[in-house]
Each structure stands twice: as C-alpha cells, then as structure tokens.
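Working notes, structure below.
In what follows, every chain begins at residue 1, and chains take the letters A, B, ... in the order their sequences are listed.
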Number of protein chains: 4
Amino acid sequence: MRTKDEGKINRIYQATVDLVMQVGIAGATIPKIAKKAGMASGTLYIYFENKEDLLRQLYLHLKSEMVSVTFGALDKSAPFKLQMFQLWKEFLAMAVEKYPERIFLEQYKISPFYDEQVMEASIGWVKQAEDFLEEGKNQLLVKDIQKDLVYSMMYGFLNELAVQHRRGLFHLNDHRIGDSFGLLWDAIKA
Amino acid sequence: MRTKDEGKINRIYQATVDLVMQVGIAGATIPKIAKKAGMASGTLYIYFENKEDLLRQLYLHLKSEMVSVTFGALDKSAPFKLQMFQLWKEFLAMAVEKYPERIFLEQYKISPFYDEQVMEASIGWVKQAEDFLEEGKNQLLVKDIQKDLVYSMMYGFLNELAVQHRRGLFHLNDHRIGDSFGLLWDAIKA
Amino acid sequence: MRTKDEGKINRIYQATVDLVMQVGIAGATIPKIAKKAGMASGTLYIYFENKEDLLRQLYLHLKSEMVSVTFGALDKSAPFKLQMFQLWKEFLAMAVEKYPERIFLEQYKISPFYDEQVMEASIGWVKQAEDFLEEGKNQLLVKDIQKDLVYSMMYGFLNELAVQHRRGLFHLNDHRIGDSFGLLWDAIKA
Amino acid sequence: MRTKDEGKINRIYQATVDLVMQVGIAGATIPKIAKKAGMASGTLYIYFENKEDLLRQLYLHLKSEMVSVTFGALDKSAPFKLQMFQLWKEFLAMAVEKYPERIFLEQYKISPFYDEQVMEASIGWVKQAEDFLEEGKNQLLVKDIQKDLVYSMMYGFLNELAVQHRRGLFHLNDHRIGDSFGLLWDAIKA
DNA sequence: GATGAATGAGGCTTCATTCAT
DNA sequence: TATGAATGAAGCCTCATTCAT
C-alpha cells in the first residue's frame, strides 16, 4: 500500500496559502485549491476530512512553523536587548518573506472556521513570547507591567507593519528596522 | 407610496455589523442580513446596488463616524500629551463599545471587496492622525521619526487590544488604560 | 374623475415594442418598460391587469393596425395584379418602417404568453388575405390551389425578408421590390 | 470516476428542445431543463459553461444536423428540378418530424442569445442552398435573380408551413407537397 | 390616478462533498 | 490511492405584483 503522500499535503498547503492571499479565505474554494495544487478535488478528501479540517491543520502547521523559525534562531546566550533586536528582525523578515502565510493566518483567525478549540491549540506562541519578556523583566530591562499589554503592543505593531508592507506602503531597510525597534524598545524598557 | 425609510439603512448596517462579528464577512450572506434586519432580501437592493456596494457604504460610514467621534472630542487647547492621552482613551473606549464595528472594519479591509478606490476614500483617518503627530513633533515632544512607523505602532497596538478584549482577554480599567498609554508614550516621546 | 389617459397607453405600447426589439420579449421586464415609458411600474397595473394582459392587448392592437394599414390603402377598383403589387409594396414598406412592431408580433407569437385564445382573435388578417386571393382566383389570374398554401408562401416570404432586413442583409429599393414581386407573382399566377 | 456520459448531452439537448417547444425559450429555465433531463441542475454545468453556451451548442448541433440530413440525401446526378423536388420533400418531412427542433432554431435566432458570432458559424446552410441554386441558374432553369431573394422565399415559405403544421392547420400529403412545390418552382423557374 | 418601496419566489450559478470507476 | 462526474443546497440578484401614501 502506498502511504499517504507527504508531498501532496505540502502542495495543498501551498496552494491554499497562495489562493487565500489572492482571493481571500472566502474565495479559496476546494475546486480552486485542488486545481492550483495539481490534483482532483476528491483527492483533498483523502488527506483531510473536510475543508474545515484542512484549514485548521494548515493554521496549526504554519503557526508552529513560525514560532520555531523566529524563536528557534535566538541566541540565548546573547544580552537581552540584542536578543530582542534579533527577534524583531526575524519577525519583520518573516513579515516580508512569508507574508502570504501571514495573510492566511490573519484571515483564518477571523473566519467562521476559527473556534475556541483552535485558539487554545495555538497559544504556544504567546507562551514563548511571554517567557521571553519575563526574562527581560528579571534583568530589570523591561518595565514591570502586565505582560499581555507588552505582548499586544509588539504583536499589533508587527502585524500592522506587515499589512502596510503588503500594500506596498512599508519598505523594509536597515534604517527602518532600526527605527521601528527604537520605538518598541523605548516603549518597554524599564 | 411608501417613502424610503432612512431607518432601514441603519437596520441593514446594524444587521451586517452584528453578523460579520458572529460569522465573519464570508458568512454574512444577503439572506441572513435581510432576515436579521427584519426585511425581505429584495428590499436590500432598493437601498444598495449590490452586496459590494452595501459593504463599501457601510465601511465608509463607520470609518468617518469613528474618525469624527474620536478626533471630534479632542480639546485642541489642551497640552499635547494630555490630548494624546484623551485620544488614546477615546480609541480604547471605542474599541470596547464598538468592537463589532471594529471587527467589520478589519474584516472588510482584508476582504476581496476592499479595493484601491475604497482605500483612497478612507485615508481621512490616517491624515488626521498624522497631522496630530506632526503637532507633537513641532513641540519637540515626539521623536523625529517617520510618521508611518508611529502610526503603525499606535494603530496596531490599539487593534490588538481590541482583539484581546473581544476574546475576553483584555479587561479595560483606568489602571490598564494608564499602563497602555505609558507604553505608547514612552515609545514615541522625544 | 380623470379618465384613464389614452396617451399613457400609447407610451406603454411604444416602450414595450422598442424594448422587445432591443432585448427580446424575455428581456422586456415591467420595470424596464415603465422606465422607458416614463412612469412608475405600478402605473402599468392601472392600465393593464398584468404583464400577460399588456402583451395581449398590444398584440391585438398592432395586428389590427397592420391589417387596416395594408389592406386599407388598397384601391379596390384597380386591376387585380396592380392591387397585389400595391399590397406587396405596402407589406414591404411596413416591414421596413415598422419592423420593431413586426419583431414584437413574431416574438409574442412564440412566447409562453401566446395561447389559443389570442390566436383566434387575430385571424382577421388571414381572412382578409384569403378573401383577396379568392378574388384573384375568380378572375382566373391566380392558380386554383389551396388558399392556405398561397397564404403561407406570401406570409413566410414577407416575414423572411423582414428578418433579413433587420439584420441589414436585405436592402430595399424599387429594383428589389420588383424582383421579389416577380417571384411571388410567378408562383401564384394561373 | 464516473466517465463523462455523451448520452447525457443528448438528454440535455432533447429536454431543452422539448421545453422550448412547450414554453418558449424564455420559459426554458435551467432547473426545468435539468428536471426534464433527469439530472441535477449542477450537472448541466459539467457539460456546458452556462446557459448561453448550452443554447449555442444546441443551435449549432441542430443546424449542422439538419443541413447534412437534407442536403446529404441529395442525388447529385439527378436532373436539377428533380433534385429540387427531393430537397423540398426533405425539408417538409423535416418540418413535420423535427418541428420541435425547428421551433428551437427559430426561437433561438430571435433571442438575445443569438449574436454575430453564432450567425457566422451557421452560414453553412445558406452557402449550401445558394450553391445549389447557382447550379440551377447555370442550367438556365432558375431565374437570373439575386440569390438572397430566392433563398428568402424558399426559407420563409418552408418556415411558415412548419408553423402551420404545428398548429394543426397544415396537413402534409403527397398532393399538398406537390402543390407547394408547384408554387415554389413556378416562382423561381426561368 | 400615480408612485415606487416592499415582497419573496425563482433564475443562474458555484460550492462542498460523495462515490463509481 | 486518485479521479472528476454528480448532487442539491445555497448564494446573489431580478422580477412581477401589491399597496401605503
């Protein structure tokens, strides 16, 4: 028996991400996804229970991937502020390189498919971010303030920059990376 | 002849906003909107050309309403930082009281319905915000930094707080309003 | 009490005829007819029971008008062949000048609105044509052949010329009027 | 996978033709066609792009079928007048046996669906008829007259006979076939 | 009489999903 | 496993008709 083809799942994922970027999550229909992935629509149902399942799996996959990419590259031995700068650069780089994926994540979160269950399964990211900030607090580098506020600020800022970038209104370069980090750091530094 | 009822437009708007919050913009179908608004689906087409038109009108309506509510309450004779605090409170209050409307605005912006034309018609808000920040710069209170970065930070932060609030993860009180403004002010102050 | 406005009926008739020519009988909707006639759609229902009634009345109106126009102009004292030529010219002229009306008649006849009842009410034309041909037979100028065949030939020929004319494939001039009559006369002459 | 069933196309064609005869082209809706053809309405869209496409394909199909049936049976070695009689008989037979199809063709031609493109794709018939008449002219058997007039006469006559037949007003038998051909031949003979 | 807002049935089409091959 | 034909529910929109003004 041939095993389920891992490559096919990736083609489905890629097709979905691309399509959502082009036409939004509502326009990403099964026939279109299948066509873009180069297979019959029925085949999708071999790999996923239904559309909801496909989107959920993709969401969780991307979410975990992004967390590991950004936090994974962190040099934990470096000074905190440097680590933070590193993290910020990673985030911004991701917003540029992987913005189709970001778009998908954003769209999914506000779609009818996103439910409590998925939300709970995806808090790993928040946890990592909060742990990281905790370390900053311990070193008296970060304000003693509720973590969720700091997190909201970082995440919202990042997200908006990604949106602006997608619209061609935000051009990334070293200077602007530095400036944006300046804003961020001044906000949270103790 | 029954006269065209202005109140009906508001019922349609309200129904749309509520529905988008519940099921997303993709799930807000014409039949559902009509039912929620208590009228036949055909009636919608007396007031709006089609679904796209309805969403666009609603978007522009809410956008302008929000701009005028927030900036309108501003006491222009007050010191800059105080004005800013006032603005931030207004924004947060709006995010709490009108979060269904905010959700609609966010969803619409990333939907296939949002196009260049609408974007251009809605830059009033950005203009107002940038003008306000310019004043801060002139008084040497705000960093001399690209305005769009500051704007992105404010808007993104605000947006994320609204999202958190919707999920019941963010509880607004004077203390937290003060803390969040603290983050914001430290970020941008000169 | 104002009496029903005869002029309005004519505006409705004219609008319907024009519209049917432009978009076919299926595309001639009540809202469009009303708009073209310069009145509200509800007004149509003051003058006609419903759409079916409007079309039937218009059909009967045009049919009788055409019969009286063509046969009415006939000089009954002239020699038969001359009368026939006259008639043919009248028919062709009508096909050119009133082709929107012809189109309506043709479309109506094959629409779901055309029923037995209307058919029977509109045989006046056939009767007149057959009476006329009878006279030709009596003068031994027309073949002694079933009248319906002759009628079918004349009517069908005429109709097809009208269709060709509408498509710009048939250009009417004295020469071609003469030629077509030549065909017709040779067909039926004794 | 279920293979695309060619027979299904024929069932769709047949259902459409029957329905158009019963309720006109405006009354032949997709749901009704599908029901008559014994399938779900969505299935139609596997075989045809949309309603317009279905009608166009059917038109071209019937047109070419009719041309090949009538002209195909022609014995080109026979004398011209005999060939012509043969042709006329074929036409009339077709008008009787396939009058639902004829109705469809006529209705389609005056519907909004009929456009330049379809017209050009269907001139094969006219060409064949004109070529045939040309041969008659060359043999000095047919009047030297514009071909389109002769064509219009034949086609219009035939068409009207078909209409009469549909209404039960025209009964086909050898005698009447002969008489009608007599009219036709006398009209065009040199 | 005249208006046109209001209705909801029904048309065309697409979609998620199933299942024969 | 893979295919894509088949399904019918559901979406958007228009229409004929009614009726409050």
Spacing of B/Asp53 atom CG relative to F/dT14 atom P, expressed in whole Å: 12 Å

Taking all heavy atoms of A/Met21 and all of A/Pro100, pick out the closest pair and write down the distance. SD-CG, 3.6 Å

Tell me, which of residues 20-47 of chain D have any heavy atom that sits under 4.0 Å from an atom in DNA chain F? D/Met39, D/Ala40, D/Gly42, D/Thr43, D/Ile46, D/Tyr47

Suppose the criterion is side-chain hydrogen bond (donor to acceptor under 3.5 Å, both in side chains): which pairs have a residue in residues 8-17 of chain D, not counting sequence neighbours? D/Gln14-D/Asp18

Residues which pass ring pair (Phe, Tyr, Trp, His ring centres under 6.0 Å) with D/Tyr47, listed by chain and number, not counting sequence neighbours: none

Between A/Tyr108 and A/Val20, does a side chain to side chain contact (heavy atoms under 4.5 Å, CB included) hold up when you go through it step by step? CA-CA 9 Å; A/Tyr108 179 76; A/Val20 167; over 6 Å; no

Return the set of residues passing ring pair (Phe, Tyr, Trp, His ring centres under 6.0 Å) with C/Phe113 (not counting sequence neighbours), or none when no residue passes. none

Give the rounded distance in Å between these two atoms: NZ of B/Lys51 and C1' of F/dT14. 17 Å

Without decimals, in angstroms, what is the distance between A/Leu55 CG and E/dC15 C1'? 14 Å

Where does DNA chain F pair, written as one dot-bracket string 5' to 3', with Watson-Crick or G-U pairs under 3.5 Å, ( ) inside the strand, [ ] for crossing pairs and | for another strand? .||||||||||||||||||||

Results of side chain to side chain contact (heavy atoms under 4.5 Å, CB included) for A/Leu62 - residues two or more places apart only: A/Val17, A/Leu58, A/Glu65, A/Glu101, A/Phe104, A/Leu105

What integer distance in Å separates B/Leu54:CG from F/dG11:C1'? 15 Å

Within residues 8-19 of chain B, which residues have any heavy atom lying less than 4.0 Å from an atom of DNA chain F? none

Whole Å only: how far is the CD atom of C/Glu49 from the C1' atom of F/dA16? 14 Å

Checking B/Leu60 against B/Lys63 for the side chain to side chain contact (heavy atoms under 4.5 Å, CB included) test, could you report, in this order, the C-alpha distance in whole Å, the side-chain angles of both residues, the deciding distance, and whether it holds? CA-CA 5 Å; B/Leu60 296 175; B/Lys63 197 82 186 181; 5.5 Å; no

Rounded distance in Å - CZ (B/Arg2) to P (F/dA20): 6 Å

Interatomic distance, B/Phe48 CZ vs F/dC13 P [rounded to whole Å]: 13 Å

In a table with atom names and distances, give each donor-acceptor pair under 3.5 Å that connects a side chain of residues 32-46 of chain A to protein atoms at least two apart or in another chain.
unit_1, atom_1, unit_2, atom_2, d
A/Lys32, NZ, A/Gly27, O, 3.4
A/Thr43, OG1, A/Ala40, O, 3.3

With side chain to side chain contact (heavy atoms under 4.5 Å, CB included) as the criterion, how do C/Asp115 and C/Glu52 come out once you've worked through the C-alpha distance, each side chain's angles and the decisive distance to 0.1 Å? CA-CA 11 Å; C/Asp115 56 24; C/Glu52 185 179 350; 4.2 Å; yes

Which residues pass the side chain to side chain donor-acceptor pair (under 3.5 Å) test with B/Asp53, sequence neighbours left out? B/Arg56, B/Gln57

Suppose we screen for side chain to side chain contact (heavy atoms under 4.5 Å, CB included). Which residues come up paired with B/Glu106, at least two apart in sequence or across chains? B/Arg102, B/Lys109, B/Tyr155, B/Asn159

